[in-house]
S.K.: 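Handing you a structure now.
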Amino acid sequence: MQESAPAPLIRFSNVTKEFAKPDGSGSFTAVDRLSFSIEKGEIVAVLGKTGCGKSTMFNLLAGLIEPTSGKVDVTGHDPFQDFNAFRGKIGIVFQNDRLMPWRTALDNVVLGLEILDARRSEAEVIARRWLSRLGLSGHEGDYPHALSGGMRQRVSIARAFAVEPDILLCDEPFSSLDEMTARDLRAEFVRLVKQAGKTAVFITHHINEAMDVGDRIMVFHRPARIAYEARMDAASKGAGRQAIQDEILKVLSLEAGEGMPPVPAVVA
Amino acid sequence: MTLNPRLRQFLQATASTLVLLAAWQIASYFFPHYLFPPVQDIVVRTVRILVTWPELKQVLETAMRIFVGLAGAFVLGSLLAIPIGRYPKIESYITPFLVFLQGIPALSWVIIAIIWFHGTEFRIAFIMIITTLPAFTFQVLDSYRSMSKDLFEMTMSFRPSGWTLFRVLIVPTILPGILTAWKINLGNAARVVVVAELVGATGGVGYELLRQQQLFDMAGALAWTIQLVLFVLVVQQIIVWIENWLLRYRPVSERAA
Ligand SMILES: Nc1ncnc2c1ncn2[C@@H]1O[C@H](COP(=O)(O)OP(=O)(O)O)[C@@H](O)[C@H]1O
Ligand SMILES: [Mg+2]
């Protein structure tokens, strides 16, 4: 490796993740010898059909599960082994909002800061600011059950951003929202990440969302391996967009035949 | 005519109580008073206990024993349940033991406590704790198990210390179960305590019941029993208030009247 080249912020090297089957009959491979790297400041959109292993890759990256083999490296640490090295460094927006029902919107945003031992008064100021940036002023005292799905997801985005992590991981954060709300939040998300110079991994199963959000798109085939990669620069967001979209569609449709289990023969 | 459901329930309960009291009163006219004392005698005795300090003190003494027993069982039960919840492997060692304990009648514990220990209060506390411990442990364990994996992973993603995880996630998760466990065990403990007081207590509701039996005083026996029932009802209502306040975040359907 050249000395001058900066080490990537995130690097997967030959990562495999197998899950034991519940009936004990061997194991199921969700991620298969996956390798990629992500540079500081990039937003990488990961695209793939449901069940292709995106969330599993995400959990490996977040250090919530351990790879069966291979190496996950984030800023020089193993996120599973050196779990505590990432205190305050990684912010996660999960697929579902995962708000604590017993905490108000404000207290849900305060949670991360509270765990990081911030002073209560400071944490509240920060949380209020994030809630208002995401258009939730006036709802600070509401419990999650009194908020709409879009509002809850915005609270969970505020919770992740409030700790000002270097790396943001988002697992289909807007997939349960209506298209109008999702579009606003997508733009807001990119703005927030770019403004603060953060690095983000954004998982989605919508082609357009991947193209709108990502600086780079990785398309996964099952079991999580990269089938196609594209860089989204000014040209590809403009005139070249259609070509890339066609390419991605082709790659995704290729999998349908290949990845499906054989149809069992019907015995008459 | 439509009645408010609450009011209707209240009227129904009152009606059945009145019928029962009337039947008792009629019985008191046909049987000797040491079998069926008139209702007014029972009421007078019940009120007298509440307004006579030396007698009220005995009710409070018993209440204190119930409370000490429940608090002890709650602390021990939580200390057992949380490690079992975190490390399921130890469950198969502890559960059979608790199930075995659950099968032992309170009266057996009275005998065991008398033989093993000196000191009335210690014996009573021992019996109260040992009889309510299994239920507390299982109930706390159940509510720990109902913890959401999603919320657990979300919380873990901020890398909390063990104590912070306990405070921000585990306590709020098991709180509803704990309150239910207190409500259920309160009734059990009130029934066990009068038996436990047979270990040689010289005061308390159990002791007084024994004395009424020797005096053949039915009105007295009923009046002391009513004290315990009242105690359970009052404390249960207090727990419900605490519950409503602590669990106020829960959505309530407008259909649930
Ligand atoms: N904890 C687990 N145990 C067993 N199998 C799992 C587990 N998590 C995911 N899988 C399996 O791994 C595959 C990929 O799942 P996932 O990563 O959630 O896909 P995606 O997020 O792309 O929809 C699925 O077939 C799923 O059933
Ligand atoms: Mg997923």
Side-chain angles (χ1 to χ4, degrees), chain A residues 55 58-65 77 79-80 82-105 107-118 123 141-147 152 155-156 159-160 162-165 167-171, chain B residues 78 82 85-89 91-92 139-140 142-182 239-256:
Chain A
S55 293
F58 180 89
N59 288 334
L60 288 162
L61 189 50
L64 295 172
I65 57 176
H77 295 277
F80 189 83
D82 307 339
F83 194 72
N84 287 315
F86 293 94
R87 258 176 82 85
K89 302 235 171 70
I90 296 184
I92 302 183
V93 182
F94 292 93
Q95 189 162 358
N96 39 11
D97 53 72
R98 302 197 184 184
L99 300 182
M100 291 178 163
W102 55 83
R103 284 184 173 233
T104 60
D107 284 338
N108 265 292
V109 180
V110 161
L111 177 76
L113 298 157
E114 183 182 334
I115 291 175
L116 295 170
D117 301 321
D142 289 356
Y143 285 105
H145 73 79
L147 300 172
R152 282 202 294 269
V155 174
S156 85
R159 178 178 62 197
V163 298
E164 310 220 332
I167 301 171
L168 274 153
L169 307 178
C170 307
D171 190 357
Chain B
S78 306
I82 289 173
R86 292 211 75 169
Y87 310 101
K89 276 182 192 145
E91 188 186 0
S92 34
Q139 274 145 3
V140 175
D142 268 354
S143 44
Y144 182 87
R145 292 240 167 92
S146 71
M147 181 163 60
S148 139
K149 173 176 166 282
D150 281 2
L151 284 184
F152 178 77
E153 289 188 341
M154 185 281 294
T155 310
M156 287 309 284
S157 76
F158 290 109
R159 274 74 177 164
S161 66
W163 167 246
T164 308
L165 179 71
F166 181 74
R167 190 171 55 80
V168 302
L169 181 66
I170 297 177
V171 170
T173 299
I174 64 179
L175 197 65
I178 287 176
L179 290 167
T180 307
W182 271 86
I239 297 177
V240 169
W241 282 329
I242 296 177
E243 212 169 27
N244 287 344
W245 185 74
L246 284 177
L247 308 184
R248 65 191 177 283
Y249 62 83
R250 289 185 166 181
V252 178
S253 165
E254 290 187 10
R255 279 253 160 251

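The basis for the numbers below is simple: all heavy atoms, side chains too, and nothing from hydrogens, waters or symmetry mates. Letters A, B, ... mirror the listed sequences (proteins, then strands); counts begin at 1. Here the structure is a predicted model, which is why all the values come from computation and not from measurement.
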S.K.: Mind checking the CG-OG spacing from A/Leu64 to B/Ser157? Nearest 0.5 Å is all I need.
M.R.: 6.5 Å
S.K.: Are B/Met154 and A/Met100 close enough, and set up right, to give a side-chain contact (heavy atoms from CB on, under 4.5 Å), and what steps lead you there?
M.R.: CA-CA 10 Å; B/Met154 185 281 294; A/Met100 291 178 163; 4.2 Å; yes
S.K.: Can you say whether B/Arg167 sits under 4.5 Å from chain A via the side chain, the backbone, both, or neither, judging by heavy atoms?
M.R.: side chain
S.K.: Answer with side chain, backbone, both or neither: which region of A/Arg103 has an atom nearer than 4.5 Å to a non-hydrogen atom of chain B?
M.R.: side chain
S.K.: Do you know the tightest heavy-atom contact between B/Phe158 and A/Ile115?
M.R.: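 Closest heavy-atom pair between B/Phe158 and A/Ile115: O-CG2, 3.6 Å.
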S.K.: If you count heavy-atom pairs under 4.5 Å with chain A, which of B/Pro172, B/Ser161, B/Pro160 comes out on top?
M.R.: B/Pro172
S.K.: Identify which part of B/Leu247 has an atom lying under 4.5 Å from any heavy atom of chain A, answering side chain, backbone, both or neither.
M.R.: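 Contact with chain A: none, neither part.
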S.K.: Is a donor on one side and an acceptor on the other found under 3.5 Å between the side chain of B/Arg159 and the backbone of A/Phe83?
M.R.: yes
S.K.: Heavy-atom distances under 4.5 Å only: say whether A/Leu99 touches chain B with side chain, backbone, both or neither.
M.R.: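 Just its backbone gets close to chain B.
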S.K.: Checking heavy atoms, do the side chain of A/Asn96, its backbone, both or neither come under 4.5 Å from chain B?
M.R.: side chain
S.K.: Heavy-atom cut-off 4.5 Å, strictly under: side chain, backbone, both or neither for A/Phe94 against chain B?
M.R.: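 Side chain only.
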S.K.: Give the ring-plane orientation class for B/Tyr249 versus A/Trp102, where under 30° counts as parallel, over 60° as perpendicular and anything between as tilted.
M.R.: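 B/Tyr249 vs A/Trp102 ring planes: perpendicular.
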S.K.: Of the backbone (N, CA, C, O) and the side chain (C-beta and beyond), which part of B/Ser148 lies under 4.5 Å from a heavy atom of chain A, both, or neither?
M.R.: neither
S.K.: What's the separation between atom CZ in A/Arg98 and atom CD in B/Glu153, rounded to the nearest 0.5 Å?
M.R.: 5.5 Å
